[in-house]
Amino acid sequence: MSFLSLRDVKTHFPVKKGILIQKVADVVKAVDSITLDIEQGEILGLVGESGCGKSTLSRTIMQLIPSTGGEIILEGQDLTKLKGDAVRKRRLDFQMIFQDPYASLNPRMTIFSTLAEALIQRHPDLRKDKDALTQKVSELMERVGLNPGFMKKYPHEFSGGQRQRIAIARALAPEPKLVIADEPVSALDVSIQSQILNLLLKLRDELNLTMIFITHDLSVVRYIADNIAVMYKGQLVEYGESERVFNTPEHAYTKKLLDAIPHLEEVNA
Ligand SMILES: Nc1ncnc2c1ncn2[C@@H]1O[C@H](COP(=O)(O)OP(=O)(O)OP(=O)(O)O)[C@@H](O)[C@H]1O
Ligand SMILES: [Mg+2]
């Protein structure tokens, strides 16, 4: 059995029409019958054009929006059957990293407070033990390549790449089972992008971290992902080992995506 199994997962949004009397006129099939397995320690690249359903699929896996159908099985447990408190508890198992760390970090909180808050979510007892908390914050900062001496600083005192490291540390703090990174390097300079990608690869090796990596950038996904899933209009049109998808794409849409990558010689011309 796989670490995470998606079985025929559907997320449909009703579209209502009419002002006085609202009727469900249509449905947007944002995610439509996705079946996919993810193993522990795997990095899955999720690609596809804007609006194809990547974020909706992520939010459905995290139980932030209800699925319309199918099963989402994490370590043998179907998450779609959980209710109330059990759902809230499970959400800690899923953490996200976003494109813009400046928007996702609270500008009025020091790095210490941001990371402490995230650590306490999983271990409420740490609230009473400032020394242990400080120790854990130091360890987290070191793990993502930040100097713990900066824990009393605020987000604006860091560079973009360092802020993304803070966001990664915060995502790791609750000891998640799955990290979903939605365009985590798209806003960074190319030289910084590779540093962050290498950090994520290092964390995967050290922590056996499982990750879904969403991106428009196929060169990024080729570098970081073990397997690639290509979505088109809510459906999975291609799935396979990264190099296989790049070298011998099977679906016409994947070929189109690959043809759209600028070739190096053209960029340098
Ligand atoms: N709450 C909602 N209600 C209705 N339709 C929605 C809702 N959320 C998303 N959609 C629709 O579902 C489809 C998939 O959207 P989604 O945001 O998942 O795409 P995406 O692949 O993440 O795109 P992007 O690359 O731009 O982030 C789109 O047609 C979108 O308009
Ligand atoms: Mg999205």
Side-chain angles (χ1 to χ4, degrees), residues 4 6-19 22-36 38 43-70 72 79-80 87 91 94-105 164 167-168 171 176 178-188 193 196-197 200 211-225 227-240 242 245 249 251-262:
L4 178 67
L6 311 185
R7 289 282 165 271
D8 211 16
V9 174
K10 297 187 180 85
T11 312
H12 296 176
F13 296 112
V15 182
K16 296 198 175 98
K17 285 214 176 119
I19 297 162
Q22 289 210 326
K23 284 193 220 149
V24 175
D26 209 348
V27 291
V28 176
K29 296 180 174 177
V31 173
D32 203 24
S33 296
I34 298 269
T35 293
L36 189 64
I38 304 175
I43 299 179
L44 174 75
L46 185 58
V47 299
E49 66 195 3
S50 183
C52 72
K54 304 179 297 292
S55 296
T56 304
L57 177 62
S58 317
R59 301 179 72 209
T60 305
I61 294 171
M62 291 187 282
Q63 305 295 298
L64 291 172
I65 41 179
S67 50
T68 313
I72 300 168
L79 305 180
T80 65
V87 177
R91 278 204 194 120
F94 303 101
Q95 295 295 321
M96 286 208 75
I97 304 166
F98 298 97
Q99 179 169 350
D100 181 359
Y102 204 54
S104 67
L105 294 169
Q164 196 56 296
I168 292 168
L178 178 73
V179 169
I180 299 182
D182 200 340
E183 300 277 5
V185 298
S186 312
L188 302 172
Q193 283 192 5
I196 297 296
L197 295 175
L200 292 171
M211 191 156 66
I212 295 178
F213 192 104
I214 300 173
T215 182
H216 283 87
D217 189 336
L218 286 153
S219 57
V220 164
V221 86
R222 181 179 202 172
Y223 185 67
I224 196 162
N227 292 304
I228 294 179
V230 182
M231 273 182 86
Y232 181 67
K233 293 185 176 165
Q235 297 186 333
L236 195 68
V237 293
E238 179 134 5
Y239 169 82
S242 283
V245 172
H251 197 276
Y253 178 67
T254 313
K255 288 180 192 156
K256 212 178 110 198
L257 276 183
L258 292 174
D259 285 342
I261 303 180

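This structure is a prediction, so every number in the text was calculated from the model and none was measured. Both ligands and their constituent atoms are indexed starting at 1 by order of listing.
Of all the heavy atoms of His216, the ones lying under 4.0 Å from any atom of ligand 1 belong exclusively to the side chain.
Backbone or side-chain N, O or S atoms of Thr56 do not reach the Mg ion (ligand 2) at under 2.8 Å.
The minimum heavy-atom distance between Gly45 and Val221, with the atom names listed, is CA-CG2, 3.4 Å.
Contact annotation for atom 30 (C) of ligand 1: protein absent (non-hydrogen atoms, distance under 4.0 Å).
Of all protein heavy atoms, the one lying nearest to atom 12 (O) of ligand 1 is Ala30 CB, 3.3 Å. Taking atom 11 (C) of ligand 1 as the reference point, the nearest protein heavy-atom neighbour is Val28 CG1, 4.0 Å. Considering only non-hydrogen protein atoms, atom 27 (O) of ligand 1 sits nearest to Ser55 OG, 3.9 Å. For atom 9 (C) of ligand 1, the closest non-hydrogen atom of the protein is Phe13 CE1, 3.6 Å. Of all protein heavy atoms, the one closest to atom 26 (O) of ligand 1 is Ser50 OG, 2.5 Å. Shortest contact from atom 25 (O) of ligand 1 to any protein heavy atom: Lys54 NZ, 2.8 Å.
Under the 3.5 Å distance criterion, with hydrogens and angles disregarded, a donor-acceptor pair is assigned to the side chains of Asp182 and Ser55. Counting only N and O atoms by type, the side chains of Thr11 and Thr60 include a donor and acceptor under 3.5 Å apart.
Atoms of ligand 1 found under 4.0 Å from any heavy atom of Thr56 (numbered from 1 in listed order, with element): 9 (C), 14 (C), 15 (O), 16 (P), 18 (O).
With Gly234, Gly51, Ser58 as candidates, the residue nearest to atom 14 (C) of ligand 1 on a non-hydrogen basis is Gly51.
Using a non-hydrogen distance threshold of 4.0 Å, Gly53 registers as a contact of ligand 1.
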